[in-house]
Amino acid sequence: MARGEHHRIHAQDRTQRNRVLVAQEAARLMSEHGIRDFHHAKLKAAERLGIVDTQALPRNNEIEDALREHQRIFQADTQPQALRARREAAVEAMRFMRAFDARLVGAVLEGTADEHSAVCLHVFSDDPEAPGLFLREQGIPLETQSRRLRWSNPGADQVDYPVLLFGADGIPFDITVLPVDALRQAPLDRVDERPMRRATASMVQQLLAEEDIAAFDASS
């Protein structure tokens with residue numbers, strides 16, 4: 001093997017090893033410090049490891065895989081309970097907001113939620129103030145923000161959408177208000193750049209039932 005080829009392969013191996021290290025450290029930071037932003041987590045991880053090669057920055061889906069592995073190894077006694085509590089809370093909240101066709105998205109649906117995670121919902125109304133008004137009428141104090149989402153259709157405008165933040169029984173909720181026609185197409189997921197997975201209350205209830213069956217089978 002020529003010397004140049006040997007150096008090239010060695011550099012590729014080093015870059016790949018660094019990608020794995022950054023993904024693992026980013027997963028640890030997200031799990032232990034409650035960082036929810038993948039980009040922020042990978043940059044902070046690279047800085048902590050002294051890795052400056054941008055080619056060594058993992059993709060978001062690599063970090064998500066590392067996060068699942070970290071939770072399996074280090075949080076086997078706590079993460080499943082936190083996830084279940086949030087899925088149960090999501091079902092209750094979606095039924096409470098059924099007038100707005102609520103859907104569950106994000107870590108609680110994907111299974112990577114922990115005690116730091118909010119229950120993230122999409123609700124749908126052509127009056128963007130209606131969901132917030134409904135919650136306030138129920139006596140729920142809210143904070144409001146906005147969020148810019150990306151869509152798969154070329155040329156789609158990037159628009160800021162209202163976000164409603166509140167807590168219930170110690171669990172944070174993060175609710176994005178979208179127009180009704182967004183029921184037909186989900187915005188892009190930050191992990192894999194594909195349309196977000198979304199679930200109705202009945203779909204999440206089915207996930208909980210499947211967990212119960214798996215737990216029963218494991219204990220039998």
Side-chain angles (χ1 to χ4, degrees), residues 11-90 104-122 143 145-150 158 160-161 163-176 186-199 204 207 211:
Q12 289 177 339
D13 289 344
R14 183 174 63 251
T15 296
Q16 183 56 37
R17 286 195 300 271
N18 285 342
R19 286 173 71 95
V20 172
L21 290 173
V22 172
Q24 291 173 340
E25 177 65 8
R28 187 190 70 80
L29 292 171
M30 294 181 76
S31 181
E32 297 179 7
H33 298 279
I35 298 174
R36 297 294 94 183
D37 184 270
F38 282 87
H39 184 69
H40 176 60
K42 75 175 75 174
L43 291 181
K44 191 172 183 63
E47 180 183 4
R48 289 174 66 91
L49 295 170
I51 294 172
V52 297
D53 179 11
T54 57
Q55 296 298 315
L57 294 180
R59 297 184 181 92
N60 290 346
N61 64 318
E62 295 175 81
I63 297 174
E64 185 178 58
D65 290 342
L67 179 59
R68 292 181 190 278
E69 183 68 5
H70 182 93
Q71 291 172 337
R72 185 186 68 79
I73 295 172
F74 298 106
Q75 295 182 311
D77 294 333
T78 59
Q79 189 268 338
Q81 289 89 339
L83 173 62
R84 184 175 183 87
R86 280 153 176 76
R87 284 180 169 173
E88 290 174 344
L104 178 64
V105 299
V108 176
L109 176 58
E110 300 299 338
T112 57
D114 57 26
E115 68 272 15
H116 301 292
S117 302
V119 174
C120 295
L121 303 178
H122 287 175
E143 293 182 26
Q145 295 180 0
S146 63
R147 173 173 296 131
R148 180 158 294 191
L149 299 175
R150 297 178 59 242
Q158 292 194 16
D160 290 335
Y161 297 94
V163 177
L164 310 175
L165 305 174
F166 63 91
D169 297 326
I171 295 177
F173 284 80
D174 177 311
I175 300 180
T176 304
L188 297 180
D189 193 289
R190 59 180 178 167
V191 175
D192 58 13
E193 296 298 313
R194 296 178 180 178
M196 288 183 183
R197 287 181 62 216
R198 299 195 288 205
V204 180
L207 284 177
E211 290 175 6

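The residues of the chain are indexed from 1 along the displayed sequence.
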Once rounded to the nearest 0.5 Å, what's the spacing between atom [atom1] of [X] and atom [atom2] of [Y]?
X	Y	atom1	atom2	answer
Arg36	Cys120	CZ	SG	9.5 Å
Asn61	Arg194	CG	CZ	9.0 Å
Gln71	Ser31	CD	OG	5.5 Å
Ile73	Arg68	CD1	CZ	14.5 Å
Leu109	Arg86	CG	CZ	15.0 Å
Asp65	Gln24	CG	CD	11.5 Å

- Item | Partner set under side chain to side chain contact (heavy atoms under 4.5 Å, CB included) for Gln81, not counting sequence neighbours | none
- Message: Could you work out, with side chain to side chain contact (heavy atoms under 4.5 Å, CB included) as the rule, every residue matching Pro80, not counting sequence neighbours?
- Response: none
- Would you find a donor on one side and an acceptor on the other, under 3.5 Å apart, between the side chain of Gln16 and the backbone of Asp13? no
- Are any side-chain N or O atoms of Arg87 and backbone N or O atoms of Val108, one a donor and one an acceptor, separated by less than 3.5 Å? yes
Minimal non-hydrogen separation, [X] against [Y], with atom names:
X	Y	value
Phe38	Glu64	CE2-N, 3.9 Å
Gly111	Gln79	O-NE2, 3.1 Å
Ile171	Ala85	CD1-O, 3.8 Å
Thr15	Gln55	CG2-O, 3.5 Å
Ala199	Val204	CB-CG2, 3.9 Å
Met30	His116	O-CD2, 4.4 Å

- Audit row: Leu121, Leu104, side-chain contact (heavy atoms from CB on, under 4.5 Å) steps and yes/no: CA-CA 5 Å; Leu121 303 178; Leu104 178 64; 3.9 Å; yes
- Query: When you check the side-chain N and O atoms of Asp114 and Ser117, is any donor under 3.5 Å from an acceptor?
  - Reply: yes
- Query: Does one side chain, of Thr78 or Glu115, offer a donor that lies under 3.5 Å from an acceptor on the other?
  - Reply: no
Is there side-chain contact between [X] and [Y], with heavy atoms separated by less than 4.5 Å?
X	Y	value
Met196	Arg190	no
Arg197	Asp189	no
Phe173	Leu165	no

- When Gln145, His122, Arg147 are each screened for side chain to side chain donor-acceptor pair (under 3.5 Å) with Thr176, the one that passes is Arg147
Would you list the atom pairs, donor with acceptor, under 3.5 Å between side chains in residues 41-52 and any protein atom, with sequence neighbours excluded?
unit_1	atom_1	unit_2	atom_2	d
Lys42	NZ	Pro58	O	2.8
Lys42	NZ	Asn60	OD1	3.2
Arg48	NE	Glu25	OE2	3.0

- Message: I'd like to know whether CZ of Arg84 has more than 12 heavy-atom contacts from other residues, nucleotides or ligands below 6.0 angstrom.
- Response: yes
- Item | Ion pair Asp160/Arg148, N-O distance below 4.0 Å | yes
- Message: Using the rule given for side-chain contact (heavy atoms from CB on, under 4.5 Å), can you reason through Phe166 versus Ile175, listing the C-alpha separation, both sets of side-chain angles and the distance that settles it, and then say yes or no?
- Response: CA-CA 9 Å; Phe166 63 91; Ile175 300 180; 3.4 Å; yes
